[in-house]
Amino acid sequence: MSEEGEGGESSLAIAVIGMAGRFPGAASLDAFWQNLSNGVESITTLTDADLRAAGVSPEHLANPRYVRARARLEGVADFDASFFGMSPREASTTDPQHRIFLECAWEALEHAGIDPARFSGSIGVYGGAG
């Protein structure tokens, strides 16, 4: 159901005005687009030495189905706890995906040109991870 406003447009309209993201091999949407456009492979292939150093068992390494690849995000440890009102201890116990979500939510607001401290209306930030 839609509520019609003046001129027939929906008064329940939503506008996407800012975006942000982090991807393997790309710390921003622009970098991700460049990787896609240029056919850059962002999955890292790991050697047996890398995997042994990470604690992978010899049984797993001997399995021909074992995938020797990983998608790595850079800068995961670079979280600015004080910016988000967290103590260093609280930040260290917060799930890295949650920290990245907070950073991306703020980056999306910046991308949209919105300062939440100066905006009197409602702002919705939607996110997903996979």
- Item | Atom of Val76, atom of Pro96 and distance for their closest heavy-atom approach | CG1-CB, 3.8 Å
- Identify whether Phe119 and Val125 are in the same connected component of the hydrophobic contact network (ILVMFWY, side-chain heavy atoms under 4.5 Å). yes
- Message: Nearest 0.5 Å, please: how far is NE2 in His111 from SG in Cys104?
- Response: 12.0 Å
- Item | Heavy atoms from other residues, nucleotides or ligands near CD of Glu110 exceed 12 (cutoff 6.0 Å) | yes
- Point-to-point distance, once rounded to the nearest 0.5 Å, from CZ of Arg22 to CG of Leu73: 8.0 Å
- Only pairs at least two apart or in different chains count here, so list each salt bridge (Lys or Arg N to Asp or Glu O under 4.0 Å) that has a residue in residues 121-130. none
- Of all heavy-atom pairs between Glu107 and Ala20, which one has the smallest distance, and what is that distance? CB-CB, 3.7 Å
- Check the pair Arg70 / Asp50 against side-chain contact (heavy atoms from CB on, under 4.5 Å), numbers first and verdict last. CA-CA 11 Å; Arg70 178 178 176 188; Asp50 294 331; over 6 Å; no
- Task: Using salt bridge (Lys or Arg N to Asp or Glu O under 4.0 Å) as the criterion, list what pairs up with Asp48, not counting sequence neighbours.
- Result: Arg68
- Message: Once you measure the plane-to-plane angle for Phe83 and Trp106, does it fall in the parallel (<30°), tilted (30-60°) or perpendicular (>60°) bin?
- Response: perpendicular
- For Gln97, does the CD atom sit with more than 12 other heavy atoms under 6.0 Å from it, leaving out its own atoms? no
- Single-linkage hydrophobic cluster, 4.5 Å side-chain cutoff, Met19 and Leu109 together: no
- Heavy-atom pair with the smallest gap, counting every atom of Ser42 and Gly25: OG-CA, 4.1 Å
- Query: Quick one: do Leu102 and Ile123 end up in the same hydrophobic cluster if we chain Ile, Leu, Val, Met, Phe, Trp and Tyr together by side-chain heavy atoms under 4.5 Å apart?
  - Reply: yes
- Spacing of His60 atom NE2 and Arg65 atom CZ [to the nearest 0.5 Å]: 13.0 Å
- What's the shortest heavy-atom distance between Ala69 and Ile43, and which atoms? CB-CG2, 3.6 Å
- Message: Restricting to non-hydrogen atoms, name the atom on Leu61 and the atom on Arg52 that form the minimum distance, rounded to 0.1 Å.
- Response: CD1-CG, 3.5 Å
- Message: With a 4.5 Å cut-off on side-chain heavy-atom distances among I, L, V, M, F, W and Y, is there a chain of contacts connecting Phe79 to Phe23?
- Response: no
- Query: Counting distance only, does the side-chain N/O of Thr94 pair as donor-acceptor with the main-chain N or O of Arg99 below 3.5 Å?
  - Reply: no
- Query: Hey, is the main chain of Gln34 close enough, under 3.5 Å, to the side chain of Ser37 for a donor-acceptor pair?
  - Reply: no
- Report whether Leu29 and Trp33 are members of the same hydrophobic cluster (ILVMFWY, side-chain heavy atoms less than 4.5 Å apart, transitive linking). yes
- Query: Do Arg72 and Leu46 have side chains that get closer than 4.5 Å, going by heavy atoms?
  - Reply: yes
